[in-house]
Amino acid sequence: MAKNKRIKTGMAPGSIIYTGDKAITDTMIHHLQFTSDSIKDSVVKNEKEIKINKNSDSDLIDWIDLRGMQNIEVISSISSLFKIHPLLQESIVDVYQRPSFEEYENGIFIIVKALSFDKNTISVSKEHVAIFLKHNVLLTFQETPSDLFESVRKRMSNTMSRVRQRGADYLLFALLDTLIDNYHITLDRFEETIEEIEDRITEEQRSSDKAVIHKLKKELVVLRKSIAPLREVISKFSKSESEVIKNTTQIFIRNLYENTVQITDSIDSYRDMLTSLQDLFIAEVSFKMNKVMQLLTLISVIFIPLTFLAGIYGMNFEYIPELQYRYGYFVLLGVMLAIFIMLLILFRKKKWL
Amino acid sequence: MAKNKRIKTGMAPGSIIYTGDKAITDTMIHHLQFTSDSIKDSVVKNEKEIKINKNSDSDLIDWIDLRGMQNIEVISSISSLFKIHPLLQESIVDVYQRPSFEEYENGIFIIVKALSFDKNTISVSKEHVAIFLKHNVLLTFQETPSDLFESVRKRMSNTMSRVRQRGADYLLFALLDTLIDNYHITLDRFEETIEEIEDRITEEQRSSDKAVIHKLKKELVVLRKSIAPLREVISKFSKSESEVIKNTTQIFIRNLYENTVQITDSIDSYRDMLTSLQDLFIAEVSFKMNKVMQLLTLISVIFIPLTFLAGIYGMNFEYIPELQYRYGYFVLLGVMLAIFIMLLILFRKKKWL
Amino acid sequence: MAKNKRIKTGMAPGSIIYTGDKAITDTMIHHLQFTSDSIKDSVVKNEKEIKINKNSDSDLIDWIDLRGMQNIEVISSISSLFKIHPLLQESIVDVYQRPSFEEYENGIFIIVKALSFDKNTISVSKEHVAIFLKHNVLLTFQETPSDLFESVRKRMSNTMSRVRQRGADYLLFALLDTLIDNYHITLDRFEETIEEIEDRITEEQRSSDKAVIHKLKKELVVLRKSIAPLREVISKFSKSESEVIKNTTQIFIRNLYENTVQITDSIDSYRDMLTSLQDLFIAEVSFKMNKVMQLLTLISVIFIPLTFLAGIYGMNFEYIPELQYRYGYFVLLGVMLAIFIMLLILFRKKKWL
Amino acid sequence: MAKNKRIKTGMAPGSIIYTGDKAITDTMIHHLQFTSDSIKDSVVKNEKEIKINKNSDSDLIDWIDLRGMQNIEVISSISSLFKIHPLLQESIVDVYQRPSFEEYENGIFIIVKALSFDKNTISVSKEHVAIFLKHNVLLTFQETPSDLFESVRKRMSNTMSRVRQRGADYLLFALLDTLIDNYHITLDRFEETIEEIEDRITEEQRSSDKAVIHKLKKELVVLRKSIAPLREVISKFSKSESEVIKNTTQIFIRNLYENTVQITDSIDSYRDMLTSLQDLFIAEVSFKMNKVMQLLTLISVIFIPLTFLAGIYGMNFEYIPELQYRYGYFVLLGVMLAIFIMLLILFRKKKWL
Amino acid sequence: MAKNKRIKTGMAPGSIIYTGDKAITDTMIHHLQFTSDSIKDSVVKNEKEIKINKNSDSDLIDWIDLRGMQNIEVISSISSLFKIHPLLQESIVDVYQRPSFEEYENGIFIIVKALSFDKNTISVSKEHVAIFLKHNVLLTFQETPSDLFESVRKRMSNTMSRVRQRGADYLLFALLDTLIDNYHITLDRFEETIEEIEDRITEEQRSSDKAVIHKLKKELVVLRKSIAPLREVISKFSKSESEVIKNTTQIFIRNLYENTVQITDSIDSYRDMLTSLQDLFIAEVSFKMNKVMQLLTLISVIFIPLTFLAGIYGMNFEYIPELQYRYGYFVLLGVMLAIFIMLLILFRKKKWL
């Protein structure tokens, strides 16, 4: 991953370059035009085909959704159409930008990450999302062609849905709400993976578990990096006094903020959980080793002296009086048995058996 | 637990859905109407049976207590009766909401958790509680049918009790005070469990202890998540300038705040205690292993060379002069005894015996 | 300890109940009335015998000192005599109250803890102290009959002492100063205990040391809980603009604050010390185990192959040509000696000997 | 390194002394004079050859770039030419100065570090950089003769480049942007080194890995010391209201700030990663040791009792009845085989095989 | 050390008692009177011999330097001569006072610590220093007779030195600058000690290293306690608006502040370094033990089965057919060799050899 990370290094600031590594064939532009009464969905090829409603009194809302960031020219020309500052254009396609919220005179600009967690490979994948809200116009930029906002689109087909009734700022809220709902799914899967290891680890310590716990810790760093700034982003959003956000929407954004705090809380608790899990793993391994050592010591302490005794009477000295006694062998076996039993009693007292 | 966690994901924000997993058969509504002089307790079936005193000058206070959150329609219709915003209605039945305090023009809205700790299963259970206070009306929503506020009800039967004398805001305080008193019990049980392991662990390290300590750490995370936000909630409550809270009640809320700080302090100290306990466990296991190793080494170092000597004179060479000596056997036994005694003295010097 | 901890749980807030567990037979009331010229010490039985100077212009100062908190009625009636709010009365006798500072229109109210450390049992004991300062009147409540403020009393017998010259607020300062001086003694004893273990631990690791270090860590939690809030208490005290505190006293309180900061610094450093001590213990045990393992390996690696060789020539095959050689035995002894010496040289190279 | 660290100690404050340890032969002065239309690059020998444009209305910008700090006189005389305070002159050549931002009436003064990471020696090297911005004049001081700002120079040769169009404050931004871009490269290399060890460590634990992880931790301390103050420096820079910074440049600086926050985030996450990596190493070693111990115990537990049995029948007692039995040997072999198989089954049950 | 620590406990606040434990025979008073033109150094016996310039318009500056704090009377009488508050007098001789800065109407009062580190005993020694600045008069109190400010005195003999030119506040700055320069030396020695252990520890783990690392950690606590408050002290100093500090001196104090921040940064990084060093030590010991265990297991796994085989054919059964075979011995030797070689190959595959 680290290899093409910083392909921008050495370039002039403001150079608009896609920094991601996801192979994308084409940029799709979805243009959704709706009021509470009507809705029109169209796929356009480039910015020239986009016909925006210029009448600011109309309640017609335009949502332009770009998917796929590799096609710099299209993104650049559409951004220019809506008079987005070149530095913001750079942020739109720079997947290394942290989540951020910025307010401009003509609108607000938000960068967030969509997250998902694959339990098999134990890896978090991020997708870069940039959103630009102007009066009655919402621009969204998704890194890949797969639609992150499908569930919102579905709800919008219903005339009675709140998204249809409440304007572009509510739509923005609904999109963020969908992303943050996805964080919950991601974190739940993450937590499930932790719990699966937890449930098993006291029974059996697999060699791979160490690496898995370490991997989870690393992925948690990735999660934290994407999520930690979100709290501030949504906080700024909820306190924004931009005129593009209506009062009736702000109560929803405050609710979203509560939701975000909950997510950042979870992130912190996972860290504790993983550290504790690693400690548990070490404790299990130590404990098991202790048991193994006890067994080894038990066997050694019992049989080494007995073997020594057998060795004594295996010597070939010409004169070993005990060897001539008729019942010498049986006496010795008796002594050995006595030693054996004594040691067993001793060990039982020490709770080794 | 994680399975039905986020059944709401993908739904429109504001969808009123019970997110808990506790099977609840029915929603009970208790309606308590009281003044300092009279008190009337009734169980009603639905919102239509509730007759609220509309005369705002009257000192009649209504406490409507719903138990069981699965019946969304009842909760929704009662909430609507008291003009609670749909988003708040969502929070009432969403058990994943963090404790929070919000102030509206017509009242205040509080979400808290009731906690209990089961020492046998070493698990914390949470119950979601939502409270809405308007002028002379208090609405409480409990997740399960068992009454969390029984002790307050008992005190209220006494005409002289402060709850009867002081109005709806004091009643709210009394309910929160009861919940926070329960936190003390929960934490005490938690602490007892820690101390029981502590007392035993220096004597004997059970294999299950590792898992128990880990479980306690995990449950502490649950406790912290429920309790940590409480400090802010009660702080906001104590600073609230809402007109529904009387001045004479505020000194009680400040006192409640002190109480809450004490609880969050305890939570932090438990974390230290558990980490220290885990370290103690590891230290005990290491120390014991060290003792086991010393014993093994002792026996090995003494008997391995002696066995070697016995092996020497067990060889079948035709010419081993020592074997022919009349007292060779006894000389060898003497040498072995000397080695044995020397090693014992050596080990005693090294404090191994 | 945890058993009778929360005997108040379930009671109405404001219930005045002694929550401590120290058996106390009786409550003693010491009434000290003094000016810079005269001093009168008397022991009274109840609040009726207390005759307070009502002339607020007079410089006569009354110090009423209650020792023993079990007798709720006496405390309650005296508190009522000085118009202390019922909730404060509850705080006076609730030993689980954290240190706190509160300012009321007619005075200030302080809760602190007296601490002592017993090096033999390695345990911290706390005593609850509540202080109420009004104009020219100081009320102190001590949990046990033993006098915490003996040294101040002694100094007061001297007419020239500053306590006599400077009024009730300076007396309050002097009492707090005495308590905080005692913290120094407590911490010094705590530190000595740490240092004693430190000095010994590199020589010898006793099994009990693990438990002692763990106990110290636990007691440190107790210390921190009592001392950490103190910083804020004294800070609030030093910034208080209550009219019962004279300007000339404030420089002393600022000095007290510096002293308190020093104590909280020490608490933090002890935590580091104990963690480091525990790490040292583990390191010592590991290191010693390493040495033990080296010895075991040394002996095993030398004698196991030699014993094998002896075993070979102890076999009873009819035809083992070496056995027939005249000097076979001596050749074998030579070979064994050579192996022995080679291994010794090898081990010396690896710095095992 | 520590040896010549503090050669200034004991000297008067304000002594202008180069504190670095890099051998530098000569100080080079590059003088770049440019407008949006023209550009002139010259290398001068000393301050007398520098001809600065004194006409403040002109848009001619002078960038004087000194490389090599050992030549104190040249630095001192050039600094004096631009009226830099002696204490700032001291900071320019004191490589132990932390990154800092200071605003003066006639300009701003910035100290930063250029960083690079050598993956072979696992070491971070720092270069001290001081920058002074006045109206239309930019002074830069680089510790070594190699040019840190080569990429900016290249871009400046293009008339259309923003650096040419926007004045001295934008040039300062561009230089800082280049340095911070280099931090990205440095951190990427650092991260790659961590990841290389990570990828390998689960397969094989090299003895050198411990030292490498420790070295990385130490170098991270160096990185943090250089980068942590940067956040505050760029924050102050972005909030500066100095008249030498134009409004149009501030949006770029805010963008730079976002970039800096990202870098400090990374630094913090590396710390977690390295701690986790060290834990992983210990876990791997423990786990492997556990496996080794299991093998040892397995072999010992199987063969020690069998060897004892063989020892029994190797004894030379005159009367050992079993020895006379015709098939005694085969019976014993059978018994041994049975013991062997039983133990194998037992171990397989315990999952040791 | 802990024994006479708190000899003041139980005394009245404001008691002027030397709390240090350094045996000091006598208090020396150095009186330096200087202008930019003239300088006069004299050693006086007591406060009566000090003749201070009372003409506040004169630029004559008096520096009175007391060395040795045991002689309370001299310190007390000199302090009184300059009207220092009794509580400050107490602070002057109380070596347990933390570094602090206080501003009074007639001057400023600073407490700092001089530090040194002895690499042989690995111990930090502190010296208590109190400084009082009034208009044109500087009083310094050093705990021991050795002069901490020798380098400043030397520079002052030069008429052109800034100390001579700039007045008492600059002299105060110069003294603090000297002390803080000494911190750099102390920290460098501390760091060197860490690095020496680091360089050696991967080669060889000495038993004493554990104790040395622990000692360093403890001394770091001492260092931190003395240095951590300094940041605030110098910060307050740099922001002080006392009239005794001239504007031209403030830029120097700001510079001193930067220097102090650097030192506190170092303190924090040493903590990380020592923790990492301890982890490295443990890792090295674990790793070595792993190697030792591998060797033991190797030898045991190879020779224990072979010895068993030899034991089999050492048995004295009357009928063991193999023993009668002519080449039985050689066949067995071959089998043993085959087992030996197979095990070697196996171990080489597992990378144990």
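Every chain is numbered from 1, with letters handed out A, B, ... down the list of sequences.
Scanning all heavy atoms of the two residues, the minimum distance from Asn255(B) to Ser91(C) falls at ND2-OG, 4.0 Å. Between Met289(C) and Ser286(B) the shortest heavy-atom distance is SD-O, 4.5 Å. Taking every heavy atom of both residues into account, Ser300(B) and Ile299(C) meet most closely at O-CG2, 4.2 Å. Shortest non-hydrogen contact noted between Gly328(C) and Phe317(B) is C-CE2, 3.4 Å. Among all heavy-atom pairs drawn from Ser266(B) and Lys225(C), the shortest one is OG-NZ, 3.3 Å.
With a 4.5 angstrom heavy-atom cutoff, Leu309(B) does not touch chain C via any of its atoms. Interface remark: Glu198(B) contributes side-chain atoms only to the contact with chain C (heavy atom separation under 4.5 Å). For Val221(C), the part lying near chain B is the side chain, with the backbone staying farther off; criterion is any non-hydrogen pair under 4.5 Å. Heavy atoms closer than 4.5 Å to chain B are found in the side chain of Ile282(C), but not in its backbone. For a residue to count as touching a neighbouring chain, one of its non-hydrogen atoms must lie under 4.5 Å from one of that chain's; by this rule Asp272(B) touches chain C with the side chain only. Using a 4.5 Å cut-off between heavy atoms, Arg254(B) contacts chain C through its side chain alone, with no backbone atom that close. Contact annotation for Ile180(B): neither backbone nor side-chain heavy atoms come within less than 4.5 Å of a heavy atom of chain C. Within the 4.5 angstrom heavy-atom criterion, no atom of Ala174(B) approaches chain C. Only the side chain of Leu333(C) comes within less than 4.5 Å of a heavy atom of chain B; its backbone N, CA, C and O stay farther away.
Taking Leu332(C), Ile304(C), Ile302(C), Ile213(C) one by one and counting their heavy-atom pairs under 4.5 Å with chain B, the maximum is reached by Leu332(C). Most heavy-atom pairs under 4.5 Å with chain B, from the set Val285(C), Val222(C), Leu88(C): that is Val285(C).
Distance check: Arg98(C) CZ to Glu258(B) CD gives 6.5 Å after rounding to the nearest 0.5 Å. Put simply, OG1 on Thr297(B) and CD on Gln294(C) are 11.5 Å apart, with the number rounded to the nearest 0.5 Å. One finds the NE2 atom of His184(B) at 10.5 Å from the OH atom of Tyr96(C) (value rounded to the nearest 0.5 Å). One finds the CG atom of Asp279(B) at 11.5 Å from the CG atom of Leu274(C) (value rounded to the nearest 0.5 Å).
Among Lys215(C), Gln278(C), His214(C), the one residue that satisfies the side chain to side chain donor-acceptor pair (under 3.5 Å) test with Ser276(B) is His214(C).
We find that Asp265(B) and Arg224(C) are not joined by a salt bridge, their nearest charged nitrogen and carboxylate oxygen being 4.0 Å or further apart.
Between Lys217(C) and Met273(B), the closest side-chain pair of non-hydrogen atoms is not below 4.5 Å.
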Q: Given side chain to side chain contact (heavy atoms under 4.5 Å, CB included), test Phe308(B) with Met336(C) step by step and report yes or no.
A: CA-CA 11 Å; Phe308(B) 166 69; Met336(C) 283 175 166; 3.7 Å; yes

Q: For Tyr329(C) and Glu322(B), run side chain to side chain contact (heavy atoms under 4.5 Å, CB included): C-alpha distance rounded to whole Å, both residues' side-chain angles, the deciding distance at 0.1 Å, then the answer.
A: CA-CA 11 Å; Tyr329(C) 171 59; Glu322(B) 297 93 313; 2.8 Å; yes

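Between the Asn316(B) side chain and the Met315(C) main chain, a donor and an acceptor come within less than 3.5 Å of each other.
The 12-atom threshold is exceeded at NZ of Lys119(B), counting heavy atoms of other residues, nucleotides or ligands nearer than 6.0 Å.
In this structure, Phe287(B) and Phe281(C) have parallel ring planes: the angle between them is below the 30° cut-off, well short of the 60° mark.
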